[in-house]
Asks: 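Here you go, one structure.
Order of the sequence lines sets the chain letters (A, B, ...), proteins ahead of strands, with each chain counted from 1. Because the structure is predicted, anything quoted here is derived from the model rather than measured. Reckoned from all heavy atoms, side chains included, excluding hydrogens, waters and symmetry mates.
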2 protein chains.
Amino acid sequence: MADRTDGVSRRAQIIDVAARLFEQHGYHETTMEMLAQEVGVKKASLYYYFSNKDLILVDIHEEMIDHLLEQARLRDSAGSPVDRLRGIIADLVGLMELFPGRLRIFFEHYRELPTDQQKAIQVKRDEYHGVLVAALRDGVAAGRFDVADVELTALAVLGMCNWTYQWLRPGGALSAAQVADHFMELLLSGIGSPQTLRTEVSGGALG
Amino acid sequence: MADRTDGVSRRAQIIDVAARLFEQHGYHETTMEMLAQEVGVKKASLYYYFSNKDLILVDIHEEMIDHLLEQARLRDSAGSPVDRLRGIIADLVGLMELFPGRLRIFFEHYRELPTDQQKAIQVKRDEYHGVLVAALRDGVAAGRFDVADVELTALAVLGMCNWTYQWLRPGGALSAAQVADHFMELLLSGIGSPQTLRTEVSGGALG
DNA sequence: GTAAGCCTACCAACTGGCCGGTAGACCAGC
DNA sequence: GCTGGTCTACCGGCCAGTTGGTAGGCTTAC
């Protein structure tokens, strides 16, 4: 009855199914029994591949952040600051299409990781943050960006992009690429009309 | 040994402590036993105030969204679109100082609410979204904003502001008001230098 | 034969929740 | 000023159900 599969693909299948279930029901609401049933295997068999439930979560996290960092390292070395920023935004928003159903896990179940892995992931997240900050800083140095506070701007960009996991759905009205384009345009130009910019910003409250 | 308190304040105390514990350990990792101990009461007594665990979560959510909506309704009726937008951003970012430790619960434990309450909260969230969209739309009509896609821009603003729950800490280097100011400035002016705006946007890829 | 892959059967521990009961404050009637 | 009734606030003790996890054995492929 049960299909035999080699160990590698079964393991990948477990992660895939787990990610889907975690996304649907949350990590804690998903029992190993549910997971086993969905995979088409008995619960005990899962422990042949993962010695405990947490490690499945760890795997999902590592897969995501490693992918992201790999992309980031490519972006980091070449191209103009503007293109690098555009690339980072496209990558971040693109996650929704590349890892449907995993992003929520990545953002919302980070704190349920074992402490050690939490730290390891954090280091990689910080590295990613650094890539974004570097792009902004280089852009400022090259006269391409006007940014008052690079760190804060980076956090704003991350927020804008990462928040898409709350509302962007693959196959919806907008593609990730469209959203990324719009965000880039928004970020570069702002939304103030010339009239507003004259009255609000030059004479505004900002020091 | 146990202090007598009138029902109202004990109830509020339970919500307070629960919010703190949920924030620290997550909803599921927080047991009624832990909560009771922290409140200084036996577990059974909690059920005198809340007939089940979920209802504590519901209360926390309602408190937050009701507060937010109340603010929003005030902003909605008066002032220029620019001021309304500024107000909304200040309100959203200000939540981190007003409800320290509750925001994470609000964003990350929404899906663990009972279905009925989930819908009720969603309705209010949608209303809030509508207030933001209206401010943007009115601003466009008044020639104050240049916005290609009002809905998408609203989501970008929400992302930027809401994401602060991930990094902004009360008592940190930046106050919520400062962050809100910076975000408003960023949103109005963008980060593109005049040079960049000439080359990237007018002749850019955006249709 | 041996090892990877999977299963049956089981369990210890935990957790939300319930039930019956108690202490004390307050009130009414006599 | 005593009695009985009622209400709030709280607790000890208990339990049904669930869950992650384990021990050990069968089977199929090579």
Asks: Which nucleotide, D:dT8, C:dC7, C:dA4, lies nearest any side-chain atom of A:Val41?
Replies: C:dC7

Asks: Report yes if a side-chain nitrogen or oxygen of B:Arg11 is closer than 4.0 Å to either non-bridging phosphate oxygen (OP1 or OP2) of D:dA9; otherwise report no.
Replies: no

Asks: Determine, for nucleotides 16-22 of chain D in 5'-to-3' order, which nucleotides have protein heavy atoms under 4.0 Å from the base (write B), from only the sugar-phosphate (write S), or from neither (write -).
Replies: ---SBBB

Asks: Of all residues at least two apart in sequence or in a different chain, which pass the side-chain hydrogen bond (donor to acceptor under 3.5 Å, both in side chains) check with B:Glu38?
Replies: B:Arg20

Asks: Which residues satisfy the salt bridge (Lys or Arg N to Asp or Glu O under 4.0 Å) test with B:Arg84, sequence neighbours excluded?
Replies: B:Asp76, B:Asp138

Asks: Give a yes/no on whether any side-chain N or O of B:Arg10 is located under 4.0 angstrom from OP1 or OP2 of D:dC10.
Replies: yes

Asks: Return yes if some donor-acceptor pair links the side-chain N/O of B:Ser193 with the main-chain N/O of A:Asp146 below 3.5 Å, else return no.
Replies: no

Asks: Check this one for me: any side-chain N or O of B:Ser45 less than 4.0 Å away from OP1 or OP2 of D:dC11?
Replies: yes

Asks: Under the side-chain hydrogen bond (donor to acceptor under 3.5 Å, both in side chains) definition, can you give me all pairs with a residue in residues 154-169 of chain A, not counting sequence neighbours?
Replies: A:Glu108-A:Tyr165

Asks: So, is B:Tyr49 near the phosphate of D:dC10, with a side-chain N or O under 4.0 Å from OP1 or OP2?
Replies: yes

Asks: Under the ring pair (Phe, Tyr, Trp, His ring centres under 6.0 Å) rule, collect the residues that match up with A:His25, sequence neighbours excluded.
Replies: none

Asks: Does B:His61 have any ring pair (Phe, Tyr, Trp, His ring centres under 6.0 Å) partners at least two apart in sequence or in another chain, and if so, which?
Replies: B:Phe106

Asks: Please give, in whole Å, the distance from C:dG5 P to A:Ile14 CD1?
Replies: 11 Å

Asks: Which nucleotide in the list D:dC10, C:dT8, C:dA4 gets nearest to the side chain of A:Tyr48?
Replies: C:dA4

